[in-house]
2 protein chains.
Amino acid sequence: MTSLNETHDPARRSFIGSANAPGNEFPIQNLPVGVFRPAAGAQPRVGVAIGDQILDLPAAVSAFNGVAAEAARAGAAPALNPLISLGPRAWSALRLALSRALSAEHADERLRAHLTPITQATLDMPVAVRNFSDFFASVFHATNTGRAFRPDHPLLPNYKYLPVAYHGRASSIRPSGTPVRRPRGQRKPANEQAPSYGPSRNLDFELELGFYVGVPSEFGATVPIGKAAEHIFGFCLLNDWSARDVQAWEAQPLGPFLAKSFATTVSPWAVTAEALAPFRMAAFARPEGDPQPLPYLDDAEDRARGGLAVTLEAYIASAAMRRARTAPLLITRTSSANLYWTVAQMLAHQASNGCNLEVGDLIGSGTVSGPEKSSWASLLELTGRGAEPIALPGGERRGFIEDGDEIIFRGFAEKPGYPRIGFGECRAVVLPAK
Amino acid sequence: MTSLNETHDPARRSFIGSANAPGNEFPIQNLPVGVFRPAAGAQPRVGVAIGDQILDLPAAVSAFNGVAAEAARAGAAPALNPLISLGPRAWSALRLALSRALSAEHADERLRAHLTPITQATLDMPVAVRNFSDFFASVFHATNTGRAFRPDHPLLPNYKYLPVAYHGRASSIRPSGTPVRRPRGQRKPANEQAPSYGPSRNLDFELELGFYVGVPSEFGATVPIGKAAEHIFGFCLLNDWSARDVQAWEAQPLGPFLAKSFATTVSPWAVTAEALAPFRMAAFARPEGDPQPLPYLDDAEDRARGGLAVTLEAYIASAAMRRARTAPLLITRTSSANLYWTVAQMLAHQASNGCNLEVGDLIGSGTVSGPEKSSWASLLELTGRGAEPIALPGGERRGFIEDGDEIIFRGFAEKPGYPRIGFGECRAVVLPAK
């Protein structure tokens, strides 16, 4: 990951007052990028979140010079891809220019004309996703889900040797706020003789960290583990919605297909790898006796820095709760520092067969369950496949997601003496099957 | 599928003489489309194969009127996607206009100026593939591959109820002629204590039929089985290269990932669904006692028409064979009529959860093995996992693919009294791992 520089100075403040409020998600040390429409009917374009405002990047191009201006100009597009394609030097130059121009010290007052309150804007899909793959990088999640099938040996023999993953579906990825329709599918409960096709009865969320590929690789070439992090542009929250009953019936022998392809929700901002550089920590250690990673997955520096620590939370708000204006209920809080594999290991593994990465590829971590029940990151785990439902305020209970429920993810990185780096929300209401 | 019309008249001949030669792949009843460059350095554009020539479609636009002219104009692109996006009426209008203008009867001699011999052209990737999914639709292949793990019950319980599939990787799909580098990967033979990372030792091909989605579907909407065929633009040959040793180790519990994502090869022409309309036949019947398809997969007309019958062949030519100018060796010949599921069933199933189809999606049938050993469509099956190698002319033997081997697929539809509808070749040489 990028080394630290003046953009990481925790003392830097913005002339946009809301960016300096304690606990605010978008301080001047964050500067996440996304795609927004300032008003109904406006063309989507790239924006930067700062406090409670969005800076219209292409409109502000005259405030920048050189490669930063080029990056701002590439923001005149309905997706981040053209900006991302300019490469890491441009990302860094833009971040530095934004950090200075938005600072209280250098305050470029011209930028005020290009701000829209976040609450007034529509946030679109940030990246035109080329390919989507999803890992299984939490050993706690893998253990929890394997236990039902293999009580004595919940982890499969390959788990500690390679970051297991599957290819997902790019077409059905949607930004936060897009409702998700409950999928129909084939499911065969153990007590029924034959399968039937109908609305999933076991709809679940999976709380994940996602990351966008910013630097492509060539067809037939691998990416050395020591270079893997350089290919990552930024991060998002990701809900890998899962129809558990469909998955249980369809997934042998080729893995999940329709159980997950109906929808994937991502948060609207790409929090850059550079913004998260201060948040590596050796929170998770491979247990004594676990195999050492094979050389193509082992990098001394990556190992020393440890995992990326992003706190991830999931909330639920039923239709009744929303009607009663009850606050969403926190149902899990975990951290990406719990993952068994680092994002560099996931990316290096994915490219280890010569499969080429493309700008705009989205890679998910898999469900980020931690060791404690309070950090399990799916209802499957939290409710023991529905057997121990969660109690909601107002008396409802949830084994799995019901129609009208809204699932809300929040994420942030924080540490003492440093402003909180927030991700914004990843939320969606579940609609009844058609 | 489309009903028959004058473009299917078996008596129609072209004024391009080579198109009328018996056994020629591209008679006037075929008219497949692809992307080609007429000379080195030229811009890629859409072409139509006729006999041994390619018609430069956008260059010939003045020979057409109305929606056919619009379709020809959309051919001024490096992929078929803009043309495909015009929809089925445009495809049919273009086919009709081409069939007339290229006929001996109507002979539009202006077209001669826009022909390039196929042997002089470079054929590129025909479609910018958006999403790739691959089915497992041959019950013979599923049985052959399942037998190693479950000798008594080789088929899993879900097989006869749903068309099993997995999501593949779109970025690494390449057109015929692009060499494929042997992938590295993790593999753990049973006789080794721990896995290692290195070149796959069990590289295989899978002989498949592919099809391109031409009509999208909406996020959250399903596609009724009776409408499914209307979403298909055309067909290709597809080699789902597979590293069997990598697959055996990585694929639990989420299915194949790196074992297949390193490369997928497709033939350069999209043979349109309309060109193949005469080749439905009830060659395969669900055995007595098999479950009836659930209603969302059952269409009386689709059932009555039967499977699409495309003969598929695989050949091998080792480096030594090519040096000795020995003809490639035919190692299998099968037919897509052997598939347990029709393409309409595959497409309807894929969309049955509301996952949206996009123009340019590629869907593979899975390995098209037939009932007899001579029609098994992978080396895994043909050689019993390498235990019974194939003898090549010159004394070599092959359990799996070796470096320098070229794998060549050919495909065609034929029936008495009708010209042969060919697919062209899908070939690639395997290069040693880096």
Side-chain angles (χ1 to χ4, degrees), chain A residues 130-133 136 145-146 156-158 161-162 164-172 174 178 180-181 183-186 188 194-197 219-222 243 246 249-259 261-263 291 294-296 349-350 352-358 361 431 434, chain B residues 130-131 133 136 145-146 156-158 161-162 164-172 174 178 180-181 183-186 188 194-197 219-222 243 246 249-259 261-263 291 294-297 349-350 352-358 361 431 434:
Chain A
R130 289 288 307 157
N131 307 272
F132 172 41
S133 40
F136 191 54
T145 57
L156 288 159
N158 59 11
Y161 288 98
L162 58 81
V164 169
Y166 72 99
H167 300 293
R169 175 84 184 178
S171 75
S172 51
R174 291 296 180 278
T178 305
V180 167
R181 195 164 288 284
R184 291 175 177 272
Q186 273 196 39
K188 199 192 85 59
S196 58
Y197 171 73
F219 177 68
T222 59
V246 175
W249 174 237
E250 75 166 3
Q252 284 297 327
L254 299 182
F257 184 53
L258 301 186
S261 66
F262 59 94
L294 292 175
Y296 81 100
H349 181 65
Q350 177 164 322
S352 69
N353 67 346
C355 177
N356 53 310
L357 303 169
E358 295 185 308
D361 285 355
L431 303 179
K434 265 186 186 153
Chain B
R130 289 287 308 156
N131 306 272
S133 41
F136 192 54
T145 56
L156 287 159
N158 59 9
Y161 289 97
L162 59 81
V164 170
Y166 71 99
H167 299 294
R169 176 84 186 177
S171 75
S172 51
R174 291 294 179 279
T178 305
V180 168
R181 195 165 288 284
R184 291 174 178 271
Q186 273 196 39
K188 198 193 85 60
S196 58
Y197 172 74
F219 177 67
T222 60
V246 176
W249 173 237
E250 75 167 2
Q252 284 300 326
L254 299 182
F257 184 55
L258 302 186
S261 65
F262 59 94
L294 292 176
Y296 81 100
L297 292 175
H349 181 65
Q350 178 165 321
S352 69
N353 66 346
C355 177
N356 54 309
L357 302 169
E358 295 186 308
D361 284 355
L431 304 179
K434 262 184 188 156

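Below, chain A is the first sequence line, B the second, and so on; all start at residue 1. Everything numeric here is computed off the predicted structure, so don't read it as measured data.
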Task: chain B interface, residue from A:R181, A:K188, A:R184 that has the most non-hydrogen pairs under 4.5 Å - done: A:R184

Taking only distance into account, with no hydrogens and no angle test, what donor-acceptor pairs under 3.5 Å do side-chain atoms of residues 250-259 of chain A form with protein atoms, sequence neighbours excluded?
residue: A:E250; atom: OE1; partner: A:L258; partner atom: N; Å: 3.0
residue: A:E250; atom: OE2; partner: A:F257; partner atom: N; Å: 2.6
residue: A:E250; atom: OE2; partner: A:L258; partner atom: N; Å: 3.0
residue: A:E250; atom: OE2; partner: A:A259; partner atom: N; Å: 2.9

Task: Full working for side chain to side chain contact (heavy atoms under 4.5 Å, CB included) between B:V246 and A:N353 - done: CA-CA 10 Å; B:V246 176; A:N353 67 346; over 6 Å; no

- [ ] Select, from A:S133, A:G354, A:P295, A:A165, the one with the greatest count of heavy-atom pairs under 4.5 Å involving chain B.
- [x] A:A165

Open item on the list: For chain A, which candidate among B:S352, B:G220, B:A243, B:G146 shows the most heavy-atom pairs at distances under 4.5 Å?
Closed with: B:S352

Task: Among B:L297, B:D361, B:L431, residue most engaged with chain A (heavy-atom pairs, under 4.5 Å) - done: B:D361

- [ ] Measure distances from B:Y197 to the heavy atoms of chain A and classify the residue's part below 4.5 Å as side chain, backbone, both or neither.
- [x] both

Open item on the list: Just verifying a value: how many Å separate A:Y161 OH and B:W249 CH2, rounded to the nearest 0.5 Å?
Closed with: 6.5 Å

Open item on the list: I'd like to know which of B:S196, B:G185, B:P157 tops the heavy-atom pair count under 4.5 Å against chain A.
Closed with: B:P157

- [ ] Please confirm whether the backbone N or O of A:S261 pairs with a side-chain atom of A:S172, one donor and one acceptor, at under 3.5 Å?
- [x] yes

Task: Most chain A-contacting option - heavy-atom pairs closer than 4.5 Å, from B:P183, B:A170, B:P195 - done: B:P195

TODO: Go through the atoms of B:L162 and report whether side chain, backbone, both or neither lie under 4.5 Å from a heavy atom of chain A.
DONE: both

Open item on the list: Checking A:R174 now: which residues fulfil salt bridge (Lys or Arg N to Asp or Glu O under 4.0 Å) with it, not counting sequence neighbours?
Closed with: none

TODO: Measure the OH-CD distance between A:Y296 and B:Q186 for me, rounded to the nearest 0.5 Å.
DONE: 3.5 Å

TODO: For each of A:Q350, A:H167, A:E358, A:H349, tally heavy-atom pairs with chain B at distances under 4.5 Å, and name the one with the top tally.
DONE: A:H167

TODO: Could you check which of B:R130, B:R169, B:K434 has the highest count of heavy-atom pairs closer than 4.5 Å to chain A?
DONE: B:R169

Open item on the list: Out of A:F219, A:F132, A:F262, A:F136, return the one with the most heavy atom pairs under 4.5 angstrom to chain B.
Closed with: A:F219

Task: A:S171 side chain to B:L357 backbone, donor-acceptor under 3.5 Å - done: no

